[in-house]
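Index from 1, following the sequence. FYI, side chains are in, hydrogens and waters are out, and symmetry mates aren't considered; it's all heavy atoms of this structure.
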Amino acid sequence: DYYIKTVQASANELEVVNQAVKKYNQCLAYCQQNGEDLAVIQLKQVITAHPSFLKAYQLLALIYLHTEQYSKARQVL
């Protein structure tokens, strides 16, 4: 009951997390299609909306490493 009430009380936060996950999944598709620039833009939006989304930080760092932007990758990590 506690968890259900907590989720129902914070429906807006749940929607923000849901949108962040959808954008992250879209970034994965961009990466598979060699659209790293679009993925970087979306990942920055995901991180802004949900700053504790660790996988978004990791994917952004991997993209920076792939594009040889090592200082940016170090900063993200």
Side-chain angles (χ1 to χ4, degrees):
D1 285 340
Y2 169 77
Y3 293 110
I4 292 173
K5 289 179 184 178
T6 303
V7 169
Q8 288 175 343
S10 61
N12 188 30
E13 183 179 343
L14 183 63
E15 183 61 30
V16 169
V17 171
N18 190 31
Q19 290 300 320
V21 170
K22 286 180 182 180
K23 286 184 180 181
Y24 173 80
N25 289 335
Q26 182 64 44
C27 291
L28 289 174
Y30 287 150
C31 290
Q32 290 174 344
Q33 300 166 358
N34 294 326
E36 286 89 2
D37 53 343
L38 293 173
V40 168
I41 293 168
Q42 282 253 335
L43 283 170
K44 287 181 180 180
Q45 293 174 354
V46 168
I47 290 170
T48 301
H50 192 58
S52 63
F53 196 173
L54 181 62
K55 288 194 179 279
Y57 284 104
Q58 291 172 336
L59 181 58
L60 184 58
L62 283 173
I63 292 170
Y64 283 145
L65 288 173
H66 181 72
T67 58
E68 298 180 359
Q69 299 177 25
Y70 301 116
S71 62
K72 288 184 179 181
R74 184 178 296 120
Q75 184 180 7
V76 169
L77 291 174

Shared hydrophobic cluster, [X] / [Y] (ILVMFWY, side-chain heavy atoms < 4.5 Å):
X: L62; Y: V76; answer: no
X: L60; Y: F53; answer: yes
X: V46; Y: V21; answer: yes
X: Y24; Y: Y64; answer: yes

Rounded to the nearest 0.5 Å, how far does [atom2] of [Y] lie from [atom1] of [X]?
X: L65; Y: K72; atom1: CG; atom2: NZ; value: 12.5 Å
X: Q45; Y: C27; atom1: CD; atom2: SG; value: 8.5 Å
X: I41; Y: Y30; atom1: CD1; atom2: OH; value: 9.0 Å
X: Q26; Y: L43; atom1: CD; atom2: CG; value: 11.0 Å
X: H66; Y: N34; atom1: NE2; atom2: CG; value: 6.5 Å
X: I63; Y: C31; atom1: CD1; atom2: SG; value: 3.5 Å

Around E13, counting heavy atoms of other residues, nucleotides and ligands shown, do more than 12 lie under 6.0 Å from its CD?
no
Would you indicate whether N25, at its atom CG, is surrounded by more than 12 heavy atoms from other residues, nucleotides or ligands within a distance under 6.0 Å?
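Enclosed: over 12 neighbouring heavy atoms sit under 6.0 Å from CG of N25.
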Would you find a donor on one side and an acceptor on the other, under 3.5 Å apart, between the side chain of Y57 and the backbone of P51?
yes
Decide yes or no on side-chain contact (heavy atoms from CB on, under 4.5 Å) for N18 and E15, but give the supporting numbers first.
CA-CA 5 Å; N18 190 31; E15 183 61 30; 4.3 Å; yes
